[in-house]
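In each ligand, atom 1 is the first atom listed, and ligand 1 is the first ligand listed.
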Amino acid sequence: MRQRSRALSSLVVGLFALAPWLDACRERREPVAAGAASPGVSSAPAAEGDTLRQAAARTQRKIGVALATWFFKEAAYPELAAREFDSLTPENEMKWYQVEPEPGTFDFAPGDKLVAFAQAHSMRVRGHTLVWHNQLAAWVKRLEGDALKSAMLAHVTATAAHYKGQIAQWDVVNEAVDDDGELRKNSPFTSLGKGYIAEAFRAAHAADPGALLFYNDYMIEDLEWPKSQGAYRLVKELKESGVPIHGMGFQMHADPRRWPSYEVLKRTLEHFAALGLYIELTELDVPVGEIPGTLEQKLAAQKDLTRDMVGACVSVERCTGITLWGLTDRHSWLAAPEWAKLRGNGPHLALAFDDAYRPKPMRAGVIEGLSLSRK
Ligand code: G3I
């Protein structure tokens, strides 16, 4: 009896010790970093028949999907998305060209529709993206200097304020670093000097102090790559100068012709996490067009590459979520002729479900990655 009361009291004490930390989480929409609540717990193997979201929940990670409003007319689309995923990213609906097509004229309707869908299905929302050189509204491309900077700050403020309290994470600045590690040369924002990035983060934070703010980029998945080193220098400087940056987004648009191993991915994610940043895999897809062999062999290799990327995330405590960049193969941007060539000869069949919404081996790769114990 005395022993049980001692155990009970130490449990209560433990819970109270956690309370302030939990409060901090509630204030800023901090993800429950895996294992933080109970250090030493490795990820839990998925149970037979688990949905992706159930398997992810066992590891305290989020498993997300990029969705596009125009595919909702297919009933199977929202159904599968809500069943398998607990996080969503608007594929295009929160980008500048859509949200502010004319100066000061805002159209949040498509983005609002996706947020409402997420709320109805207990899905987290990752906002994508506030400042990006692509898909800019035409009027922005005519601006420069102070006019460009104030338009950028007004856009960030208005968009983050509109979604205040509804967005867990924002990709505040997307793809600002070039392949050589310096600031991107074909971005109009680069002409403002690198200070524009810190200003964008501060404006987003002021508009929604509860959202976690991320820098997001691609081809940074290997530390040896100059672009990865450039992105590291950028976020390290932002973090050390007190800019409200909370996370690093690795897009994971895999290129099987040249892609890092599990060990290199793990080391790269750990390197950025050591800056005190949360890590997310934000736009994962694996095109099979250039993978040699039969379709079966291509899909098996796709599964292994997916397992390694997801497993690398699960092996890093501060890596809190994985998002697939689309629901089925035909919804993938790589199914669109204008983009397919970026990954060589197609078809790329880049996602976890086929055109008939049936699971592919890649889906099993996600489950296996989530079940990888942290070693
Ligand atoms: O909205 C127009 C529509 O009115 C028109 O009928 C249709 C036909 O041309 O095009 C529609 O615009 C397309 C838009 O997607 C919406 O579907 C654009 O042509 C097309 O270029 C655009 O592609 C998007 C691409 O970003 C633009 O750069 C992809 O869907 C989207 O998956 C892709 O996502 C990016 C991330 O945001 C950032 N990281 C890389 C990733 C892949 O490029």
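Residue W339 approaches ligand 1 through these ligand atoms, each under 4.0 Å from one of its heavy atoms: 20 (C), 21 (O), 23 (O), 25 (C), 27 (C), 28 (O). Less than 4.0 angstrom separates some heavy atom of Q251 from each of these atoms of ligand 1: 39 (N), 40 (C). Within the listing of ligand 1, atoms 31 (C), 32 (O), 34 (O), 36 (C), 37 (O), 41 (C) sit less than 4.0 angstrom from a heavy atom of W325. In the vicinity of H128, heavy-atom distances shorter than 4.0 Å reach the ligand 1 atoms 36 (C), 37 (O), 38 (C). Listed by atom number, the atoms of ligand 1 under 4.0 Å from H253 heavy atoms are 40 (C), 41 (C).
Residues E283 and N216 bring a donor and an acceptor atom of their side chains to less than 3.5 Å of each other. Y97 and N134 share no side-chain donor-acceptor pair at under 3.5 Å. Between the side chains of S87 and R124, at least one donor N or O sits under 3.5 Å from an acceptor N or O.
Among all protein heavy atoms, the one lying closest to atom 18 (C) of ligand 1 is E338 OE2, 4.0 Å. Summary of contacts: the protein heavy atom closest to atom 22 (C) of ligand 1 is Q135 NE2, 3.8 Å. K95 NZ, 3.8 Å is the protein heavy atom nearest to atom 33 (C) of ligand 1. For atom 32 (O) of ligand 1, the closest non-hydrogen atom of the protein is E91 OE2, 2.5 Å. The protein non-hydrogen atom at the shortest distance from atom 40 (C) of ligand 1 is E283 OE1, 3.3 Å. Closest to atom 17 (O) of ligand 1 among all protein heavy atoms lies W70 CZ2, 3.1 Å.
The cluster map of Ile, Leu, Val, Met, Phe, Trp and Tyr, joined by side-chain heavy atoms under 4.5 Å apart, puts W132 and I197 in different clusters.
Between F106 and H155, the ring-plane angle classifies as parallel under the 30° and 60° cut-offs. Taking the six-membered ring where tryptophan is involved, the planes of H162 and F108 are essentially parallel, since the angle between them stays under 30° and well short of 60°. Ring geometry, Y77 versus F72: the interplanar angle exceeds 60°, so the pair is classed perpendicular (tilted spans 30 to 60°).
In terms of N/O distances under 3.5 Å, ligand 1 is approached by N92. Inclusion of Y97 in the set of residues having an N or O under 3.5 Å from an N or O of ligand 1 is not warranted. For ligand 1, the polar-atom distance check finds an N/O of E175 within less than 3.5 Å of one of the ligand's N/O atoms.
Checked for salt-bridge contact, R267 and D222 miss the test: no charged N lies under 4.0 Å from a carboxylate O. Note on D180 versus K227: no salt bridge recorded, every NZ/NE/NH1/NH2 to OD/OE distance being 4.0 Å or above. Salt-bridge annotation for R363 and E84: present, with a side-chain N of the basic residue lying under 4.0 Å from a carboxylate O of the acidic one.
Q98 does not count as a contact of ligand 1, since none of its heavy atoms falls under 4.0 Å from the ligand.
Geometric assessment of R318 against the ring of Y278 yields a positive cation-pi assignment under the 6.0 Å and 45° thresholds.
With sequence neighbours excluded, no residue forms a side chain to side chain donor-acceptor pair (under 3.5 Å) with R233.
Only side-chain heavy atoms of N174 come within less than 4.0 Å of ligand 1; its backbone N, CA, C and O stay farther off.
Distances from atom 30 (O) of ligand 1 to the protein include at least one heavy-atom value under 4.0 Å. Note that atom 11 (C) of ligand 1 has no protein non-hydrogen atoms nearby, at separations under 4.0 angstrom. Distance screen at 4.0 Å: atom 7 (C) of ligand 1 has no protein heavy-atom neighbour inside the cut-off. Protein heavy atoms come within 4.0 Å of atom 26 (O) of ligand 1. Protein heavy atoms are found less than 4.0 angstrom from atom 42 (C) of ligand 1.
Exactly one residue among W96, W325, W170 makes a ring pair (Phe, Tyr, Trp, His ring centres under 6.0 Å) with H128. That residue is W325.
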